[in-house]
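Comments concern the structure below.
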Amino acid sequence: MRSEELHETLLPKRLALPIFASDPLSSVAYATQEILLVLTLGGLAYLHFTPWIAASVVALMTVVVLSYRQVVHAYPSGGGSYEVVSTNLGPTAGLVVAASLLVDYVMTVAVSVASGVDNIISAVPRLADHRVLMAIGFVAVLTAMNLRGVRESGRAFAAPTYLFISGVLVMVVTGLIRYALGDAPVAESAAYGVSPDPSDANLTGLALLMLVLRAFSSGCTALTGVEAISNGVPAFRKPKSRNAAETLTAMGALAIVMFVGVTALALITKVHITDDACRLTGLAGDCASYTQRTVIAQIAAAIFGGEHSVGFYVIQAATALVLILAANTAFNGFPLLASILAQHRYLPHQLHNRGDRLAFSNGILALAVVAALLLWGFKANVTSLIHLYILGVFTAFTLSQLGMVRHWNSELRTERDPAPRRRHHTARVINALGSVVTGLVLVIVLATKFTEGAWLAVLAAIVLWVMMRGIRRHYDATSAELAVADPKGDLTLPSRVLGIVLVSTLHKPTLRALAYARAFRPDRLEALTVSVDRDEAAALLRRWEEYGIDVPLKIIDSPYREVTRPVVEYVRSIRRESPRDIVAVFIPEYVVGHWWENLLHNQSALWLKNRLLFTPGVMVTSVPWQLTSSAHADRPAARAPGSFRRGEPQGPAPRAGTRHR
């Protein structure tokens, strides 16, 4: 796609919802399950806390959505939490948010894909042994789809997301109607009891409070991905802020309704699920080989007439698809945030470059590789991965809302109109409440999940923060070193230019390099060869004299058969003798048409160039000689896939009514 076609990739709200909100919408498939898994550690007696925990999650979701609506309007240029915090709390705090979000985006891909695979296995249990391979395969598919571009991936993801939303809503309405009519559905696990975990039996006082807080922190996975819309405001059609805010509101309303519905049905159908199937009492057969179905799978089977009903398979297919596609939220958020960080010189510049389809290809590939390694390392196990999850997102929530409070304080200092001041005061109250609430949740998450694996996410964020600071220092030092202080002084001509043509044998590439070097008119020109075999060196000298080449040939003896070191040492000796002289080294090289031919040629030239480039005052020039095989490799460079591309496309937009192809 041409750079001028960027406007054609902007998203309407109907596509923006599945692209940016698939993660929080799909999290209703496992958020309730995570609450139940924690509460059943103490047995069935503590399931009565579920409604209160769910109500707390809903209240938190409401506050966070309202808070991010303020962010969308105040900072419509994208960057979300990172921009808010960097602007209002300083770059150090901004990097904390950025590092936390980058880690959380990786976790989003890993958890979403692993949970999707779990739901596939719930429908087809014999696939359990292929869990990791399936998960990594889905990451590869998502990567390929996102490399096609934001709009194209949105079209592909829209149908499964809307199918999931409609399927869950139909399931919730059907289940509640049956319950109201006195025909309450019953889950397959309702007949099983749950024996308490020995370490969590007979909980009272502080231990009981910690259990409830652990369940609440696990249920907060329903909030993951809420910030993605604030990061992606530039991808919306105009008016960008209003469309993003409306999409955020729709996402929050749908997520709350579905989460409340699934939680209510889990209690109505009496779903009993544990972290270890062997704690289920009344289970027939070998508990070690028993695969528990997910909460949403058990609810669907209970409501639609069993595990072989059409409704069950529709819900499972839609859930698996949307959970896998929920990773797309991260595939949009991670590359965009990485691009902004690269633009601010906190990450390598390559992450700011757009690919052939105007997507941030390098960021997409980096995310895919890290997520695949994480899935492989944790065997695509949701329970293991979930402990590393949501820590980063609540760090971003807390700091961004605190930053928004400072933003409104700043606005109120300059605003004198009563109407805007009232709006600013209201917004400040919302953001202050959001900062306090999400800060408390962050403390709870740290306290309840740190020893269970969350420390890995904290460590990863710290390492990433230190790395980004180091990258920024490197870029700043490089810029300072390359800055022009005295244009006239930096343009001072060298005393002399000494030309050296490297020679291995006397053939056409050598003669072309000699002719090219002469065209530069150096003050002195000589040919240089390294003698690893005296007879060959003598033969080369004889041919040199026979052809009457008027460029002196210098032969350096190499008793240890090295080529690179003698050349480098000779060039450096010239520089030591005449520090103000410039040495221009000309290296003949073959140009070949097949990648494997490169393995057969140019290895000495490659090593020589790499070593000489570290020598001050030395210029290295490759003189190409095209072999016959290179003729077919001539391609128009402008359309070559994978070519190096810059970041944000610039230039005027096409006129109305035109369309580039």
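Keep in mind that what you see is a predicted model, and the values were worked out from it rather than measured. Atoms considered below: every heavy atom in the structure, side chains included; atoms not considered: hydrogens, waters and symmetry mates.
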Any donor-acceptor pair under 3.5 Å from Asn243 side chain to Arg237 backbone:
yes
Evaluation steps, side-chain contact (heavy atoms from CB on, under 4.5 Å), between Leu142 and Val113
CA-CA 10 Å; Leu142 285 167; Val113 170; 4.2 Å; yes
Where is the tightest heavy-atom contact between Ala215 and Ile53, given as atom of each residue plus distance?
CB-CD1, 3.6 Å
Straight-line distance of Leu433 CG to Thr62 OG1, nearest 0.5 Å
10.5 Å
To the nearest 0.5 Å, tell me how far Leu44 CG sits from Leu36 CG.
10.5 Å
Sorted by chain and residue number, the ring-ring contact (aromatic ring centres under 6.0 Å, His included) partners of Tyr68 (sequence neighbours excluded) come out as Phe397
Taking all non-hydrogen atoms of both residues, which atom of Ala245 and which atom of Val72 are closest, and how far apart?
N-CG1, 3.9 Å
Heavy-atom count check: over 12 atoms from other residues, nucleotides or ligands less than 6.0 Å from Tyr179 OH?
no
Might you work through the side-chain contact (heavy atoms from CB on, under 4.5 Å) test for Arg131 and Ile121, ending with a clear yes or no?
CA-CA 8 Å; Arg131 180 189 303 272; Ile121 293 171; 3.7 Å; yes
Reported CE-to-CG distance for the pair Met107 and Leu456, which is rounded to 0.5 angstrom:
9.0 Å
With the side chain counted from C-beta on, respond yes when Ile430 and Gln70 share a heavy-atom pair under 4.5 Å apart, and no when they do not.
yes
Any pair with a residue in residues 103-142 that passes ring pair (Phe, Tyr, Trp, His ring centres under 6.0 Å), sequence neighbours left out, goes on the list, sorted by first then second residue, please.
none
Nearest atoms (heavy-atom pairs only) where Val109 meets Ala371:
CG1-CB, 3.5 Å
Decide yes or no for Leu41 and Arg279: does some side-chain heavy atom of the first lie under 4.5 Å from some side-chain heavy atom of the second?
yes
If I take atom CD1 from residue Ile273 and atom CD from residue Glu34, how far apart are they, to the nearest 0.5 angstrom?
8.5 Å
Check whether the side chains of Gln33 and Thr294 place a donor and an acceptor atom closer than 3.5 Å, and report yes or no.
no
Pick from Gln292, Arg293, Gln298, His272: which one makes a side-chain hydrogen bond (donor to acceptor under 3.5 Å, both in side chains) with Glu188?
Arg293
Could you tell me the separation between the CZ atom of Phe394 and the CG atom of Leu442, rounded to the nearest 0.5 Å?
8.5 Å
So do Val64 and Gln401 actually touch side chain to side chain, heavy atoms under 4.5 Å?
no
Do the side chains of Phe331 and Thr143 get nearer than 4.5 Å, heavy atoms only?
yes
Between Tyr82 and Val97, which heavy-atom pair has the shortest distance, and what is it?
N-CG1, 3.9 Å
Apply side-chain contact (heavy atoms from CB on, under 4.5 Å) to the pair Thr40 and Tyr46, showing each step before the final yes or no.
CA-CA 7 Å; Thr40 53; Tyr46 301 105; over 6 Å; no
What I'd like to find out is whether the side chain of Leu25 reaches to under 4.5 Å of the side chain of Val322, using heavy atoms alone.
no
To the nearest 0.5 Å, tell me how far Leu337 CG sits from Leu367 CG.
11.5 Å
Below 4.5 Å, heavy atoms only, C-beta onward: do Phe216 and Val441 meet side chain to side chain?
yes
Passes side-chain contact (heavy atoms from CB on, under 4.5 Å), Thr281 versus Val194? Steps please.
CA-CA 6 Å; Thr281 59; Val194 176; over 6 Å; no
To check you understand the geometry: which heavy-atom pair defines the closest contact between Thr32 and Ala266, and what is its length?
CG2-CB, 4.1 Å
Measure across Val57 and Gly219 and return the closest heavy-atom pair with its distance rounded to 0.1 Å.
CG1-O, 3.9 Å
For Met171, is there any backbone N or O sitting under 3.5 Å from a side-chain donor or acceptor partner on Thr174?
no
For residues Thr398 and Ser435, is any side-chain donor paired with an opposing acceptor at under 3.5 Å?
no
With Phe236 via ring-ring contact (aromatic ring centres under 6.0 Å, His included) - residues at least two apart:
Phe20
Looking at Ser27 and Ala222, would you say the former's side chain and the latter's main chain have a donor-acceptor pair under 3.5 Å?
yes
Side chains of Leu374 and Val370: closer than 4.5 Å at any heavy-atom pair?
no
Is a side-chain donor or acceptor of Ser189 paired with a backbone partner of Tyr192 at a separation under 3.5 angstrom?
no
Side chains of Leu365 and Leu147, heavy atoms from C-beta outward: is any pair under 4.5 Å?
yes
